[in-house]
Amino acid sequence: MFEKNEMIFGVRAVIEAIEAGKEIDKILIKKDIQSDLSKELFAALKGTVIPVQRVPIERINKITMKNHQGVIAFISSITYQKVEDLVPFLFEEGKNPFLVLLDGITDVRNFGAIARTCECAGVDGVIIPSRNSVSVNADAVKTSAGALHTLPVCRESNLTQTIKFLKDSGFRIVGATEKGDYDYTKADYKNPVCIIMGAEDTGIPYEHLALCDEWVKIPIMGKIQSLNVSVAAGVLIYEVLKQRGFDNNQE
């Protein structure tokens, strides 16, 4: 396990980290970088799901004044998994899989809180996209109370393909949305299921909603018309447990 805040500086060092298969959270690259070595870097990144951000040199200089050559890689606090590896494993273990897909969640505190709830509720894994999403950094691990060190996290480059894979594998896909057809308690969570939670401001993208088997909503009685996403996730997660026979009186 790498140190939570470990960073790698310099183009050659980052290329070597990629080729060595290190778990990289994200890479910051100077906007106008141009060199033969930088071409090697982009070639090494091809086919990976590592998020890359092109940023002004000033942003990189704020992080470090070491000889970074316009490139910094942040080492992930965990080892990411792949859905196509996790799902067969869960079935082989005789489980009735329960996954949570976070589509566009960018707030690290919400992510950490959801991960903590997932771990407490026995969720089998969390799925996040490789871009336009929060990542598993030290703050996320801290907010999750360490849950992210035990909860499988899958980082996927194409959520459409991921959702289709889950459906082909026998999962029921339930999207949580204010456009929901009915109350969340009326959905069927008893068999393999994946709940999708979208960003608080934009929700689940329509192309992903269109793949869902059910759209559900949580009733809102007050004047504020939305719940914090981590709270909404908790409500849905524990409804799954309730339907699956969770006994809150058990020792």
Side-chain angles (χ1 to χ4, degrees), residues 1 4-5 23 25-26 51 74-81 83 86 97-156 159 162-163 166 173-178 180 183-185 187 189 193-205 208-209 212 215-222 224-244 246 248:
M1 179 69 64
K4 291 178 182 177
N5 297 315
E23 289 287 346
D25 186 48
K26 66 180 176 181
F74 295 83
I75 298 300
S76 174
S77 296
I78 66 162
T79 298
Y80 290 106
Q81 299 193 33
V83 169
L86 178 62
F98 176 18
L99 301 176
V100 173
L101 192 159
L102 304 180
D103 194 350
I105 306 297
T106 56
D107 185 279
V108 69
R109 291 165 297 180
N110 281 333
F111 176 56
I114 293 171
R116 184 174 183 174
T117 300
C118 285
E119 203 283 330
C120 289
V123 172
D124 295 300
V126 171
I127 303 167
I128 59 174
S130 59
R131 287 171 174 75
N132 300 318
S133 172
V134 71
S135 54
V136 185
N137 58 24
D139 289 337
V141 172
K142 182 178 180 181
T143 307
S144 77
L148 285 164
H149 282 316
T150 58
L151 178 71
V153 179
C154 302
R155 185 169 66 175
E156 302 294 335
L159 288 189
T162 297
I163 295 169
L166 291 173
I173 311 298
V174 179
T177 171
E178 60 185 16
D183 185 287
Y184 72 100
T185 61
Y189 308 103
V193 67
C194 177
I195 291 175
I196 303 181
M197 306 298 302
E200 289 186 13
D201 53 348
T202 58
I204 302 169
H208 299 157
L209 268 179
C212 292
W215 296 6
V216 301
K217 58 186 175 182
I218 299 173
I220 302 293
M221 305 302 179
I224 298 175
Q225 292 300 303
S226 65
L227 288 170
N228 172 276
V229 67
S230 66
V231 173
V235 170
L236 288 163
I237 288 167
Y238 274 89
E239 175 62 23
V240 176
L241 264 64
K242 178 183 175 183
Q243 288 197 17
R244 291 183 173 196
F246 171 70
N248 61 4

Fill in the blank from the handout: One should read off an interatomic distance between F98 CZ and L241 CG, to the nearest 0.5 angstrom, of 7.0 Å

Practice task
Report yes if the side chains of C212 and V174 come closer than 4.5 Å at any heavy-atom pair, otherwise no.
Solution key: no

Handout entry: Closest heavy-atom pair and its distance - V136, S76
Key = O-OG, 3.9 Å

Problem - Least distance between heavy atoms, V123 atom then L151 atom - result: O-CD1, 3.5 Å

Fill in the blank from the handout: Nearest heavy-atom contact between A147 and R116 is CB-CA, 3.8 Å

Handout entry: Pairwise side-chain contact, V216 with D183, heavy-atom cut-off 4.5 Å (strictly under)
Key = no

Exercise for the section: Please say whether more than 12 non-hydrogen atoms of neighbouring residues, nucleotides or ligands are located less than 6.0 Å from CD in E178. Expected result: no

Handout entry: Any side-chain heavy-atom pair of I163 and I196 under 4.5 Å
Key = yes

Problem - Nearest atoms (heavy-atom pairs only) where I204 meets A176 - result: CD1-O, 3.5 Å

Completion exercise
When rounded to the nearest 0.5 Å, the distance separating CD1 of I128 from OG1 of T106 is 12.0 Å

Exercise for the section: Identify the two heavy atoms, one from T79 and one from E23, that lie closest to each other, and give their separation to 0.1 Å. Expected result: CG2-OE2, 3.4 Å

Problem - Test item: S133 side-chain N/O and S130 main-chain N/O as donor-acceptor pair under 3.5 Å - result: no

Exercise for the section: Show your working on side chain to side chain contact (heavy atoms under 4.5 Å, CB included) between V100 and I127 and close with a plain yes or no. Expected result: CA-CA 6 Å; V100 173; I127 303 167; over 6 Å; no

Exercise for the section: Find out whether V240 and R244 are in side-chain contact, i.e. whether some heavy atom of one side chain is under 4.5 Å from a heavy atom of the other. Expected result: yes

Practice task
Compare all side-chain heavy atoms of N228 with those of E200 and state whether any distance is below 4.5 angstrom.
Solution key: yes

Exercise for the section: Report the distance from atom OG1 of T143 to atom CD1 of I114, rounding to the nearest 0.5 Å. Expected result: 11.5 Å

Problem - Close side-chain approach of I195 to M197, heavy-atom, < 4.5 Å - result: yes

Completion exercise
Here the pair of heavy atoms bringing E156 nearest to Q81 is OE2-O, 4.2 Å

Handout entry: Between OG on residue S144 and CD1 on residue I78, distance to nearest 0.5 Å
Key = 9.5 Å

Problem - Stepwise side chain to side chain contact (heavy atoms under 4.5 Å, CB included) test for L99 and V126 - result: CA-CA 6 Å; L99 301 176; V126 171; over 6 Å; no

Practice task
Verify, without hydrogens or angle tests, whether D25 (side chain) and F74 (backbone) share a donor-acceptor contact under 3.5 angstrom.
Solution key: no

Exercise for the section: State whether the side chain of E119 and the backbone N or O of G146 hold a donor-acceptor pair below 3.5 Å, judged by distance alone. Expected result: no

Exercise for the section: Would you check if T177 and L209 make a side-chain contact, meaning some heavy-atom pair closer than 4.5 Å? Expected result: yes

Practice task
In sequence, state the C-alpha distance, the side-chain angles, and the governing distance for D107 and V134, and then conclude on side chain to side chain contact (heavy atoms under 4.5 Å, CB included).
Solution key: CA-CA 6 Å; D107 185 279; V134 71; over 6 Å; no

Problem - Residues, nucleotides or ligands: over 12 heavy atoms within 6.0 Å of R131 CZ - result: yes

Problem - Euclidean distance, Y80 OH relative to L86 CG, rounded to 0.5 Å - result: 15.0 Å

Exercise for the section: Without swapping roles, check the side chain of Y189 against the backbone of I237 for a donor-acceptor pair under 3.5 Å. Expected result: no

Exercise for the section: State, yes or no, whether a side-chain contact exists between V235 and Y184 at a heavy-atom distance under 4.5 Å. Expected result: yes

